Amino acid sequence: MNPSTLRIATRKSALALWQAEHVAARLRVTHPGLAVELVPLSTRGDEILDQPLATIGGKGLFLKELEVAMLEGRADLAVHSLKDVPAQLEPGFVLPAMLPRADAADAFVSNHYADLAALPHGARVGTSSLRRQAQLRALRPDLVLLDLRGNVGTRLAKLDAGAYDAIVLACAGLERLDLAARIRSRLAAPDWLPAPGQAAIAIEARADQPGVLALLAALDDADTRLTVSAERAMNQALGGSCTVPVGAWCMLGEHGLHLCGMVGDAASGRLLHAEASAPSDQAIALGRKVAAALLAQGAGELLGL
Ligand SMILES: NCc1[nH]cc(CCC(=O)O)c1CC(=O)O
């Protein structure tokens with residue numbers, strides 16, 4: 001029997017609520033007559049803001065409370081930023097839909113400087129992402145990199161208060177929150193790589209709920225699933241940890257998939273790059289191939305493998 005109501009578990013940040021509302025609206029349009037409700041929840045990842053994510057347990061912290069709500073029958077699905085979803089899902093859960101991807105680039109945000117090159121020697125840049133730190137270090141070894149956590153609004157407020165000369169955020173998050181005017185320049189592939197899955201919204205649900213899965217599958221975007229599958233397969237083959245700087249960007253063109261991958265070291269700014277192409281039915285193999293090329297260059301040492 002198909003459910004008549006779907007309850008969406010979501011975090012309470014403005015970005016998470018926007019994404020959950022977006023999915024709710026898409027579900028209502030796709031399935032007229034279906035009732036869709038939001039179940040906003042607080043997660044440990046949102047509550048512990050004074051430490052880098054890497055040291056408090058990683059990305060899974062943003063999912064756990066939402067998964068518990070699904071297991072206890074308080075919600076039918078959860079909406080996530082795919083880049084916050086670990087390469088390996090908890091057993092019993094699947095991602096039945098990935099929505100069309102937005103701009104996957106990062107954004108250079110500053111009140112005084114137009115881009116990275118315009119920053120004066122020794123400028124202070126805020127980001128707690130090891131991937132962003134490693135790429136900043138590689139391009140500009142002179143910068144002072146400072147931790148910066150919290151939701152998008154909090155990070156912008158800290159920039160505006162003068163704690164940083166610039167910060168780096170995802171373009172997708174700023175666009176969704178109507179803050180695209182804050183983007184001074186884009187940090188984009190192939191010179192700068194986003195996180196695996198960045199700018200894609202993923203829907204998570206219990207594998208044992210076929211009625212729910214059938215309703216959600218209607219929102220799946222096949223091209224997004226292909227490209228992010230290659231990125232996530234690469235990440236998983238490199239250990240899948242978020243405590244290491246890994247970047248990935250996969251494009252789908254007429255001739256199939258092309259994946260660029262990066263592993264870096266935040267302290268030294270050393271970056272390793274690899275890329276490869278494959279037919280579009282070989283996304284997972286492509287991800288593993290680029291991971292193998294990175295490991296052959298010595299990525300294992302940077303990753304602590
Ligand atoms: N780390 C938090 C997070 N998770 C997803 C996004 C942006 C939206 C997306 O990538 O889909 C952000 C904010 C940011 O990195 O600036």
Side-chain angles (χ1 to χ4, degrees), residues 10-23 43-49 51-63 66 78-87 95 97-110 125-136 147-159 164 166-180 182-189 192-204 221 224-225 227-228 231-232 235 241-250:
T10 171
R11 294 164 53 199
K12 292 177 186 168
S13 73
L15 180 59
L17 288 170
W18 187 96
Q19 294 179 167
E21 286 289 3
H22 178 71
V23 167
T43 73
R44 298 228 316 138
D46 297 301
E47 279 158 14
I48 309 174
L49 290 174
Q51 294 166 62
L53 208 49
T55 55
I56 56 174
K59 302 182 176 191
L61 286 187
F62 289 123
L63 276 74
L66 309 191
V79 174
H80 308 291
S81 294
L82 184 59
K83 81 163 171 176
D84 296 332
V85 177
L95 302 177
M98 298 184 189
L99 273 59
R101 194 176 206 174
D103 183 355
D106 276 334
F108 176 90
V109 181
S110 171
V125 181
T127 175
S128 291
S129 149
L130 297 174
R131 173 186 60 83
R132 289 169 177 155
Q133 287 180 3
Q135 295 186 102
L136 286 165
D147 273 322
L148 171 59
R149 279 205 59 216
N151 58 43
V152 174
T154 308
R155 293 188 213 190
L156 289 169
K158 288 183 184 168
L159 170 73
Y164 311 94
I167 62 175
V168 179
L169 292 169
C171 285
L174 290 168
E175 281 160 11
R176 288 174 187 145
L177 295 174
D178 241 342
L179 292 166
R182 301 291 308 247
I183 303 172
R184 298 298 298 270
S185 51
R186 291 170 73 250
L187 298 163
W192 177 284
L193 295 187
Q198 184 159 316
I201 296 173
I203 299 179
E204 184 186 25
D221 182 68
T224 298
R225 182 176 289 272
T227 52
V228 302
E231 294 168 10
R232 287 171 60 77
N235 197 27
S241 158
C242 76
T243 60
V244 290
V246 172
W249 168 240
C250 185

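Both counts, for ligands and for their atoms, begin at 1 and track the order of listing. Computed from a predicted structure; not experimentally measured.
In this structure a side-chain-to-backbone donor-acceptor pair under 3.5 Å is missing from R182 to A107. One N or O on the side chain of R101 and one on the backbone of Q198 form a donor-acceptor pair closer than 3.5 Å.
The closest approach between R132 and ligand 1 falls below 4.0 Å for a heavy atom of the residue.
Near L169, meaning under 4.0 Å from any of its heavy atoms, are these atoms of ligand 1: 16 (O). Listed by atom number, the atoms of ligand 1 under 4.0 Å from S81 heavy atoms are 4 (N), 5 (C), 11 (O). Atoms of ligand 1 lying under 4.0 Å from at least one heavy atom of A170, given by number and element, are 7 (C), 14 (C), 15 (O), 16 (O). Taking every non-hydrogen atom of A199 and a distance limit under 4.0 Å, the qualifying atoms of ligand 1 come out as 9 (C), 10 (O), 11 (O).
Residue Q198 places no N or O, backbone or side chain, under 3.5 Å from any N or O of ligand 1. Between V152 and ligand 1, not a single N/O pair is under 3.5 Å apart. Between A172 and ligand 1, not a single N/O pair is under 3.5 Å apart.
Exactly one of L148, D106, L136 qualifies for a side-chain contact (heavy atoms from CB on, under 4.5 Å) with T127. That residue is L136.
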> For L169 and V152, what are the C-alpha separation, side-chain angles and deciding distance, and is it a side-chain contact (heavy atoms from CB on, under 4.5 Å)?
Replying inline: CA-CA 8 Å; L169 292 169; V152 174; 4.2 Å; yes
> So L66 and V79, side-chain contact (heavy atoms from CB on, under 4.5 Å) or not? Walk me through it.
Replying inline: CA-CA 9 Å; L66 309 191; V79 174; over 6 Å; no
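Across every non-hydrogen atom of P245 and L130, the tightest pair is CB-O, 3.4 Å.
If you check the side chains of Q19 and T10, you find no donor sitting under 3.5 Å from an acceptor.
When side chains are defined from C-beta on, L15 does not count as touching N151, because their heavy atoms never get closer than 4.5 Å.
Residue-level proximity to ligand 1 for R101 is absent, since no heavy atom of it falls below 4.0 angstrom. The proximity of D84 to ligand 1, defined as any non-hydrogen pair under 4.0 Å, is limited to the side chain.
The residue among E175, K83, R131 with a heavy atom at the shortest distance from atom 6 (C) of ligand 1 is K83.
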